[in-house]
Structure formats: C-alpha cells, structure tokens
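Position 1 is the first residue of the sequence, and the numbers go up from there.
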Amino acid sequence: MQKDLEAEFLSDFEQNQNIAHKICRMYTTDQESHNDLFQEITIQLWKNYSKFRGDAKFSTWMYRVALNTAISLYRKSTRTLKTDDFSEVAFKISSSEYDDTEEQQLEALYKAIHQLNDIDKALIFLYLEDKPFNEIAETLGISNVNARVKMNRAKEKLKAILNP
C-alpha cells in the first residue's frame, strides 16, 4: 500500500513539479533559497498526500500546498529558510534542473512582483498561469468576486511599480 502511494505521488509530482519551481522563483531570489524552498514544498506535499481527496485536480491542490508553504516560510524568516531533514524521506525525487532562460526575459516583471504582498504575489502567479478565477479563488480559499477585486488591485499595483 505504501509503495503504491509513493509511486502515485512520484508520478503526480513529476508531472507537475514545474509548479513548485515557479513558486520558488516567485518567493526566492537566489538558487540556494530556491532549492531549500523546493525541498520544503516537496516534503509538505508528501506529508499531506494521503489527505488529498481528489476533489480538485492534483495541480490545484499542489498550488495550494506549495503557496501556503512558501508564504508560511517567507513570513517566518527574512531570507533564511528552515527546512525539514530530507534524508528521512523513504524515496528520492529527481529534480530536473530549472531552465530559467525564458524567465530572464521577464526579470523586470519578477522584480516588480517581489515588491507585492504575499497574497498579491499568489494572485498574479496564478493569473500568469492562465488559471480561471474560480480555480484561483478555490486555491486561495477566497470567493470568486474577492479574487477578481484583489486581482484588479494587484494589477494596478504592478502597473504603478513598472510605470512610475
């Protein structure tokens, strides 16, 4: 049973691991912090995988866990991320190297996004991922109307930062 659960988790995770990398990119500024956050997100996903009921898509659930992990760790420390010991995990996940060549073209946007508060960052991230507002609202645990209002305000903040 445990091996089946591990195999299922690995399959789901490997298909969607770019979600974790993108969230790490959004909430960290250097490769070491990126790797630490990626590891912590992976651990939290594994710890909570048995609770995943399948009511939503795996990717939606993964966004929620990953964003909550990133926001929690971001708020707990100024830049030093505390992580769990990864050696205790019974399986190994091969992490493909994150290719950020396309992301470098968006560096100005990322710098502007880094200036936003945690919720606005999450909204913009999900919006850039072309998620519909109902999925954004579900992921963040807010109403659809609230998601739309917050999104418009976050867009205005970004415009002000990018075009002073």
**Student:** Do Ile41 and Val65 come within less than 4.5 Å of each other through their side chains, counting heavy atoms only?
**Tutor:**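 No - every pair of side-chain heavy atoms lies 4.5 Å or more apart.
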**Student:** Should we count NZ of Lys111 as having more than 12 external heavy atoms under 6.0 Å?
**Tutor:**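 For Lys111, atom NZ is not crowded (no more than 12 foreign heavy atoms under 6.0 Å).
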**Student:** For a quick test of reading the model, state the closest non-hydrogen atom pair linking Gln17 to Met62 and the distance between them.
**Tutor:**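 Looking at all heavy atoms of both residues, the shortest contact is CA-CE, 4.0 Å.
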**Student:** Among side-chain atoms of Asn35 and Gln31, is any donor-acceptor pair under 3.5 angstrom?
**Tutor:**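 Yes, a side-chain donor-acceptor pair sits under 3.5 Å.
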**Student:** Using only atom types and a distance under 3.5 Å, with no angle test, would you say the side chain of Tyr27 pairs donor to acceptor with the backbone of Lys22?
**Tutor:**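 Here the side-chain-to-backbone pair does not exist.
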**Student:** Under a plain distance cut-off of 3.5 Å, with no hydrogens placed, do Asp12 and Tyr49 share a side-chain donor-acceptor pair?
**Tutor:**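 Yes, because at least one side-chain N or O of Tyr49 sits under 3.5 Å from a partner of the opposite role on Asp12.
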**Student:** What distance do Ser59 atom OG and Asn18 atom CG have between them, rounded to the nearest 0.5 Å?
**Tutor:**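 Nearest 0.5 Å value for the OG-CG distance: 12.5 Å.
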**Student:** What heavy-atom pair brings Asn16 and Phe58 nearest, and what distance separates the two atoms?
**Tutor:**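 Closest approach of Asn16 to Phe58, heavy atoms only: ND2-CD2, 3.4 Å.
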**Student:** What is the minimum heavy-atom distance between Leu123 and Ala147, and which atoms define it?
**Tutor:**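 Looking at all heavy atoms of both residues, the closest pair is CD2-O, 4.1 Å.
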**Student:** Count I, L, V, M, F, W, Y as connected when their side-chain heavy atoms are under 4.5 Å apart, and connections chain through other members. Are Val149 and Ile119 then in the same cluster?
**Tutor:**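 Val149 and Ile119: separate clusters.
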**Student:** Do Thr42 and Phe38 have side-chain heavy atoms sitting under 4.5 Å apart?
**Tutor:**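 Sidechains of Phe38 and Thr42: in contact.
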**Student:** With side-chain contact (heavy atoms from CB on, under 4.5 Å) as the criterion, how do Leu45 and Phe9 come out once you've worked through the C-alpha distance, each side chain's angles and the decisive distance to 0.1 Å?
**Tutor:** CA-CA 9 Å; Leu45 287 167; Phe9 173 75; 3.8 Å; yes
**Student:** In Å and rounded to the nearest 0.5 Å, what is the CD to CG distance from Gln15 to Leu10?
**Tutor:**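 Result: 11.0 Å between the selected atoms.
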**Student:** Minimum heavy-atom separation for Leu37 to Ile23, with atom names?
**Tutor:**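 Here Leu37 and Ile23 meet closest at CD2-O, 4.5 Å.
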**Student:** With heavy-atom distances below 4.5 Å as the criterion, would you say the side chains of Thr139 and Lys131 are in contact?
**Tutor:**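 Thr139 vs Lys131: side chains apart.
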**Student:** Nearest 0.5 angstrom please: Ser72 OG to Glu40 CD, how far?
**Tutor:**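 Separation between the atoms: 9.5 Å.
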**Student:** Would you say the side chains of Ser33 and Asp30 form a donor-acceptor pair under 3.5 Å?
**Tutor:**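 Result is yes, a qualifying pair exists.
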**Student:** Kindly check if the number of other-residue, nucleotide or ligand heavy atoms within 6.0 Å of NZ (Lys150) is above 12?
**Tutor:**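 No, the 6.0 Å shell around NZ holds no more than 12 heavy atoms from other groups.
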**Student:** In sequence, state the C-alpha distance, the side-chain angles, and the governing distance for Leu126 and Glu135, and then conclude on side-chain contact (heavy atoms from CB on, under 4.5 Å).
**Tutor:** CA-CA 9 Å; Leu126 293 169; Glu135 193 171 331; over 6 Å; no
**Student:** Taking all non-hydrogen atoms of both residues, which atom of Lys157 and which atom of Leu116 are closest, and how far apart?
**Tutor:**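 That closest heavy-atom pairing would be CB-CD2, 3.8 Å.
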**Student:** Determine whether Arg153 and Asp120 make a side-chain contact, defined as any pair of heavy atoms from C-beta on separated by less than 4.5 Å.
**Tutor:**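 They are not in contact (no side-chain heavy atoms under 4.5 Å apart), so the answer is no.
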**Student:** Indicate whether the side chain of Thr69 and that of Gln44 have a donor and an acceptor atom separated by less than 3.5 Å.
**Tutor:**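 No, no side-chain donor-acceptor pair sits under 3.5 Å.
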**Student:** Quick one: closest heavy-atom pair of Ile113 and Met26, and the distance?
**Tutor:**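 That would be CG2-SD, 3.1 Å.
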**Student:** For Met151 and Ile124, run side-chain contact (heavy atoms from CB on, under 4.5 Å): C-alpha distance rounded to whole Å, both residues' side-chain angles, the deciding distance at 0.1 Å, then the answer.
**Tutor:** CA-CA 7 Å; Met151 180 60 69; Ile124 295 295; 4.0 Å; yes
**Student:** Quick check against the 3.5 Å criterion: does Asn146 have a side-chain atom that pairs as donor or acceptor with the backbone of Ile142?
**Tutor:**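 Judged by distance alone, no pair lies under 3.5 Å.
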**Student:** Going through the checks in order, is the side-chain contact (heavy atoms from CB on, under 4.5 Å) test met by Lys51 and Asn48?
**Tutor:** CA-CA 5 Å; Lys51 298 173 190 164; Asn48 293 293; 3.5 Å; yes
**Student:** Compare all side-chain heavy atoms of Tyr63 with those of Glu129 and state whether any distance is below 4.5 angstrom.
**Tutor:**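 Counting from C-beta outward, Tyr63 and Glu129 do come under 4.5 Å.
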**Student:** Check this for me, if you would: do Lys159 and Glu156 make a salt bridge, where the nitrogen-to-carboxylate-oxygen distance has to be below 4.0 angstrom?
**Tutor:**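 Counted as a salt bridge, because a side-chain N and a carboxylate O are separated by less than 4.0 Å.
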